[in-house]
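Only one structure is covered here, and it is reproduced in the block below.
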Amino acid sequence: MDHYRRNSTQHTAKPSHKKKPVGSDLTGSSARDSEDRSSVVPPPPRGTKRGRDHEGIEKEEAFIHRPAVRIIVPDNLKGLLVDDWEYVTKNHQLVHLPSKTPVNMILDDYSNLETPKRRIGSAEAEILEEVVSGVREYFNKSLGRILLYKHERSQYHDILEQLDSGVGDLAGRTLCDAYGAEHLCRLFVSMPELIAQTNMDSQSVNRLREELSKMTQWLSKNTPKYFNAQYENQSQNYTDSSKMNPA
């Protein structure tokens with residue numbers, strides 16, 4: 001997904017800790033009218049104050065008038081996202097990690113299924129490879145920033161320690177090897193806003209949107225295989241430490 005990564009801005013939205021599901025409208029549409037919109041507009045280059053203000057206004061207007069990006073999120077995935085939100089924020093339960101069907105497995109399965117359908121060397125085959133690679137990168141970079149609820153952050157820091165420890169099953173691996181479909185779905189409903197922050201042309205956006213929609217529809221047909229995590233109660237010490245941790 002080099003083409004898509006090259007066109008990405010360097011600004012990633014800050015995590016939101018309001019008690020609502022990630023991608024709470026669950027429509028797959030871009031929420032560009034939020035209060036945080038201005039924070040994702042790239043800063044204008046240095047120059048005179050008047051020049052900076054003028055260019056900043058132009059970039060803001062260009063961002064506002066970009067077409068909305070809609071990714072198909074099937075109803076059963078929306079329902080699982082709402083359940084996921086209730087388990088974590090209402091019941092204070094967490095999925096067991098590392099996942100038995102991690103993000104890397106899911107993406108590999110999808111790629112292995114789709115690749116034979118694409119002619120070798122064709123644009124469609126290249127797009128598939130780029131998108132799958134890009135989803136991995138987006139997931140690894142976005143998880144700790146925008147995809148977690150506050151109650152999950154202590155668990156996240158524990159996973160990071162395991163990844164960096166040099167020992168154990170997760171040593172030397174990535175977040176895509178630890179987290180599963182529940183968190184991948186959160187990324188999918190956040191993708192419209194992430195895509196809106198890029199400088200991709202409309203043709204590239206449409207291709208990416210189509211490929212991601214295919215992926216979500218495939219995942220929705222395979223929920224019994226990939227959404228198999230049990231939500232677990234946490235100790236009182238964990239709950240107390242989560243409340244004390246910064247958001």
Side-chain angles (χ1 to χ4, degrees), residues 1-10 12 22-23 26-30 66-81 98-143 146-147 172-229:
M1 197 169 176
D2 292 340
H3 173 74
Y4 302 117
R5 290 198 294 269
R6 283 200 302 271
N7 288 289
S8 297
T9 68
Q10 297 300 313
T12 304
V22 173
L26 299 180
T27 61
S29 60
S30 176
R66 287 178 186 171
V69 180
R70 300 189 68 85
I71 296 173
I72 296 173
V73 180
D75 288 342
N76 65 328
L77 294 187
K78 294 177 185 178
L80 289 168
L81 281 166
S99 172
K100 294 180 180 179
T101 53
V103 171
N104 271 337
M105 177 187 292
I106 297 170
L107 295 178
D108 285 344
D109 286 354
Y110 178 75
S111 179
N112 291 337
L113 178 70
E114 281 293 315
T115 297
K117 302 176 183 178
R118 319 282 175 106
R119 182 170 54 83
I120 297 175
S122 66
E124 290 77 13
E126 291 180 358
I127 291 171
L128 172 63
E129 183 179 355
E130 289 182 0
V131 170
V132 170
S133 177
V135 170
R136 293 187 210 273
E137 184 170 336
Y138 266 102
F139 187 86
N140 283 322
K141 291 186 175 180
S142 300
L143 179 69
I146 62 174
L147 301 182
R173 295 183 178 273
T174 71
L175 293 168
C176 285
D177 295 302
Y179 287 81
E182 296 78 14
H183 292 81
L184 180 60
C185 264
R186 297 185 199 176
L187 174 63
F188 285 142
V189 298
S190 299
M191 284 300 291
E193 184 64 26
L194 295 175
I195 295 171
Q197 296 172 31
T198 71
N199 296 319
M200 286 189 291
D201 57 61
S202 58
Q203 183 179 22
S204 297
V205 169
N206 286 335
R207 287 177 175 175
L208 177 57
R209 176 184 55 78
E210 290 172 4
E211 199 65 59
L212 289 173
S213 293
K214 286 182 182 178
M215 196 178 296
T216 58
Q217 291 179 79
W218 168 81
L219 185 59
S220 76
K221 297 176 182 178
N222 291 276
T223 54
K225 179 178 180 179
Y226 299 115
F227 288 83
N228 53 20

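Since the model is a prediction, treat every value here as computed from it, not as a measurement.
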Separation between [atom1] of [X] and [atom2] of [Y], rounded to the nearest 0.5 Å:
X	Y	atom1	atom2	answer
Ser213	Met191	OG	CE	10.5 Å
Ile195	Tyr138	CD1	OH	7.0 Å
Ser99	Met105	OG	CE	8.0 Å
Asn199	Ser204	CG	OG	11.5 Å
Leu113	Met215	CG	CE	11.0 Å
Ser142	His183	OG	NE2	13.0 Å

By side chain to side chain contact (heavy atoms under 4.5 Å, CB included) - contacts of Arg136 (at least two apart):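 So Arg136 forms a side chain to side chain contact (heavy atoms under 4.5 Å, CB included) with Asn104, Leu107, Asp108, Val132, Cys176.
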
Heavy-atom donor-acceptor pair, Thr216 side chain to Ile72 backbone, under 3.5 Å: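 A pair under 3.5 Å: yes.
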
Full working for side chain to side chain contact (heavy atoms under 4.5 Å, CB included) between Asn140 and Glu137: CA-CA 5 Å; Asn140 283 322; Glu137 184 170 336; 6.0 Å; no

Arg173, CZ: over 12 other non-hydrogen atoms inside 6.0 angstrom: no

Closest non-hydrogen atom pair, Pro116 against Ser111: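 Of all heavy-atom pairs spanning Pro116 and Ser111, the closest is CD-O, 4.5 Å.
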
Closest non-hydrogen atom pair between Glu126 and Gly121, with its separation: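 Shortest heavy-atom contact: OE2-O, 3.9 Å.
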
4.5 Å side-chain heavy-atom contact, [X] and [Y]:
X	Y	value
Phe227	Leu77	yes
Tyr179	Leu184	no
Ile71	Phe188	no
Thr174	Asp177	yes

Electrostatic pair Lys214-Glu124, nearest N-O below 4.0 angstrom: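 Salt bridge absent between Lys214 and Glu124.
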
Pair Val103-Leu187, side chain to side chain contact (heavy atoms under 4.5 Å, CB included): steps then yes or no: CA-CA 11 Å; Val103 171; Leu187 174 63; over 6 Å; no

Derivation of the side chain to side chain contact (heavy atoms under 4.5 Å, CB included) call for Leu80 and Glu182: CA-CA 8 Å; Leu80 289 168; Glu182 296 78 14; over 6 Å; no

Trp218/Asp109 under side chain to side chain contact (heavy atoms under 4.5 Å, CB included): CA gap, chis, key distance, verdict: CA-CA 10 Å; Trp218 168 81; Asp109 286 354; 4.1 Å; yes

Counterpart residues, salt bridge (charged side-chain N to carboxylate O under 4.0 Å, His left out), relative to Lys117 (two or more places apart): Glu114

